[in-house]
Amino acid sequence: MKAIFLTIFIVIALYLLFFSATKSRVKTEKGSYAQIQDGPTKQSGELARPAVPRRKDMVVASMKSDDTSWLSEYFPDWTKSIYVVDDKHAPLTVARNKGRESMVYLTYIIDNYDNLPETMLFIHSRRYQWHNDDPYYDGIPPLQNLQIPYLQEQGYVNLRCVWTLGCPVEIRPLTDTHRGNVHAGEYFKYGFMELFPGMPIPEEVGVSCCAQFGVSRTKVLERPRSDYERFRTWLADTPLEDDLSGRIMEYSWHMIFGKDPVHCPDAKECYCKVFGLCDLTCPWEGGCDDRYSLPPFSSLPKGWPAIGWKGQVQDTSHGLPET
């Protein structure tokens with residue numbers, strides 16, 4: 001009887017010991033996962049990203065009405081950080097919707113500074129946009145053709161090679177006067193002084209518009225997190241309206257990432273190195289045949305490209321719709 005009771009006691013003790021250890025381990029693992037996946041970040045209360053190394057991430061500035069499904073459909077090998085600026089309950093959003101896409105870009109860098117992927121694309125949310133460097137203003141071909149080794153080599157590349165708009169010179173900070181409600185020229189000088197304290201104000205600033213670019217982790221980390229925090233604080237606190245503050249940032253990103261104030265690479269070379277399009281005919285240094293033409297309006301017709309500028313249904317298999 002003693003042997004039997006001793007055996008039973010040993011079995012029960014081993015069972016309780018094993019069960020307790022397993023329960024504790026499972027609880028710890030689940031707790032860690034919940035903290036990584038669902039816990040708020042210290043910076044803005046957004047959902048934190050998994051602590052799994054990301055190789056390529058698309059950082060997207062969007063609104064609730066935007067359809068971003070094309071990104072998942074055509075770029076399944078990229079992770080996506082899709083910020084919804086006008087939805088405070090979105091998994092990723094911003095504390096204040098100001099400065100256009102710049103508030104999203106800066107928030108992403110600040111919140112992910114210690115866990116940045118190797119390659120990041122900072123882009124807008126809509127597939128068809130007038131400023132996409134493509135004959136149909138389609139965002140898919142430029143992103144599919146992007147030469148990541150060249151991006152890594154350069155650290156920063158603009159996702160636009162054509163010089164229209166922004167090159168060879170867009171802003172003359174020392175001499176510009178008022179040229180419209182959205183032109184940043186006369187305000188750029190003071191914005192530059194706050195964004196880049198102690199740096200000489202450039203006489204000319206030029207870069208192809210429109211704040212869509214790729215950057216490497218190494219390039220981002222050349223600046224301390226405090227720089228990006230200062231940029232975001234300026235963006236939030238400046239009395240300039242949303243369009244002007246965003247425009248100043250639009251013409252500052254290339255300088256933030258180490259390029260000269262005028263950064264207008266030769267279009268033929270740019271198309272070849274950035275997008276792998278090396279057989280283009282380029283009659284001038286700022287553009288190549290059949291690559292881009294400035295549209296007559298700042299927004300594309302609803303239903304583009306099947307619906308053209310004049311509202312008629314177009315056959316897009318033989319070239320651009322008529323303007």
Side-chain angles (χ1 to χ4, degrees), residues 36 41-44 46-62 71 75 77-83 85 92-95 99-125 142-143 146-160 191-192 194-199 205 207-236 245-246 248-261 263 265 270 273-274:
I36 293 171
T41 66
K42 296 179 180 179
Q43 297 289 340
S44 63
E46 296 162 2
L47 295 186
R49 293 234 151 238
V52 176
R54 290 162 292 155
R55 194 167 60 88
K56 303 186 299 182
D57 198 11
M58 291 180 170
V59 184
V60 186
S62 77
L71 294 169
F75 303 98
D77 57 328
W78 288 76
T79 56
K80 292 94 182 168
S81 296
I82 301 176
Y83 287 74
V85 298
L92 291 173
T93 186
V94 291
R100 305 295 174 89
E101 67 284 319
S102 297
M103 186 63 76
V104 167
Y105 297 176
L106 290 169
T107 297
Y108 173 88
I109 292 173
I110 293 167
D111 289 354
N112 294 274
Y113 189 83
D114 295 323
N115 185 36
L116 293 169
E118 295 177 6
T119 303
M120 290 155 278
L121 296 183
F122 293 85
I123 61 175
H124 301 163
S125 58
L143 297 180
L146 181 66
Q147 305 297 296
I148 292 180
Y150 182 70
L151 188 162
Q152 285 292 327
E153 174 190 321
Q154 291 294 303
Y156 160 92
V157 296
N158 199 333
L159 296 181
R160 188 173 167 89
F192 182 92
E194 294 186 57
L195 292 172
F196 305 97
M199 290 187 61
V205 175
V207 68
S208 293
C209 79
C210 299
Q212 294 193 112
F213 52 85
V215 67
S216 69
R217 175 176 59 204
T218 301
K219 180 58 65 175
V220 173
L221 295 179
E222 286 181 1
R223 287 186 175 273
R225 191 203 306 260
S226 58
D227 277 6
Y228 302 104
E229 292 172 338
R230 185 179 72 254
F231 301 150
R232 188 171 66 174
T233 297
W234 173 84
L235 193 63
S245 59
I248 289 174
M249 288 299 304
E250 175 185 342
Y251 286 95
S252 297
W253 287 112
H254 65 294
M255 291 185 285
I256 287 173
F257 296 123
K259 298 300 183 181
D260 291 335
H263 178 63
C270 177
K273 292 185 175 180
V274 176

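- A side-chain donor-acceptor contact under 3.5 Å links Ser62 to the backbone of Tyr83.
- Expressed to the nearest 0.5 Å, how far CD1 of Ile109 lies from CD1 of Ile256 amounts to 7.5 Å.
- Heavy atoms only, all atoms of each residue included: Gly155 and Lys219 are closest at O-CB, 3.5 Å.
- In this structure, His254 contributes its side chain and Val207 its backbone to no donor-acceptor pair below 3.5 Å.
- Between Glu118 and Ser216 there is no side-chain heavy-atom pair separated by less than 4.5 Å.
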- [ ] Please lay out, stage by stage, how Glu250 and Cys209 fare under the test side-chain contact (heavy atoms from CB on, under 4.5 Å).
- [x] CA-CA 7 Å; Glu250 175 185 342; Cys209 79; 3.3 Å; yes

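- Gly246 and Arg100 make their closest contact through CA-CG, 4.4 Å (heavy atoms, listed as atom of the first residue, atom of the second, distance).
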Task: Audit row: Arg223, Phe231, side-chain contact (heavy atoms from CB on, under 4.5 Å) steps and yes/no - done: CA-CA 12 Å; Arg223 287 186 175 273; Phe231 301 150; 4.1 Å; yes

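- A donor-acceptor pair is defined here as one N or O able to donate and one able to accept, closer than 3.5 Å; such a pair exists between the side chain of Tyr228 and the backbone of Val220.
- Salt bridge annotation for Arg225-Asp114: present, with a cationic side-chain nitrogen under 4.0 angstrom from a carboxylate oxygen.
- The closest side-chain heavy-atom distance from Lys56 to Thr79 is not below 4.5 Å.
- Nearest heavy atom pair, residue Ser102 against residue Met249, reads OG-CB, 3.0 Å.
- By the 4.0 Å N-to-carboxylate-O rule, Asp57 lies too far from Lys80 to be salt-bridged with it.
- At least one side-chain heavy atom of Leu159 sits less than 4.5 Å from a side-chain heavy atom of Leu143.
- Checked against the 6.0 Å centroid threshold, Tyr251 and Phe192 do not count as a close aromatic pair.
- Leu195 has its side chain within reach of Ile248: a pair of non-hydrogen atoms, C-beta onward, lies under 4.5 Å apart.
- Using a distance-only test at 3.5 Å, with no hydrogens or angles considered, a donor-acceptor pair links the side chain of Gln212 to the main chain of His124.
- Minimum heavy-atom separation, Ile123 to Tyr105: N-OH, 3.4 Å.
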TODO: Show the numbers, then the answer: is there a side-chain contact (heavy atoms from CB on, under 4.5 Å) between Leu121 and Val59?
DONE: CA-CA 6 Å; Leu121 296 183; Val59 184; over 6 Å; no

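- Between Phe122 and Tyr108, the ring planes lie perpendicular to each other; the angle is over 60°, past the 30° to 60° tilted range.
- For the atom pair Met120 CE and Leu151 CG, the distance stands at 9.0 Å (nearest 0.5 Å).
- At least one side-chain heavy atom of Leu146 sits under 4.5 Å from a side-chain heavy atom of Val274.
- Between Asp227 and Arg230 there is a side-chain heavy-atom pair separated by less than 4.5 Å.
- In summary, Arg232 and Glu229 do not engage in a salt bridge, as defined by a charged side-chain N under 4.0 Å from a carboxylate O.
- Between the side chains of Lys273 and Gln154, no donor-acceptor pair of N or O atoms lies under 3.5 Å.
- When all heavy atoms of Glu101 and Ala61 are compared, the pair lying nearest together is CB-CB, 3.8 Å.
- A side-chain donor-acceptor contact under 3.5 Å links Thr119 and Gln152.
- Residues Lys259 and Asn158 are not in side-chain contact: their nearest non-hydrogen atoms beyond the backbone lie 4.5 Å or more apart.
- Checked against a 6.0 Å centroid threshold, the rings of Trp253 and Tyr156 do not count as neighbours.
- A heavy-atom distance below 4.5 Å is not found between the side chains of Val60 and Leu92.
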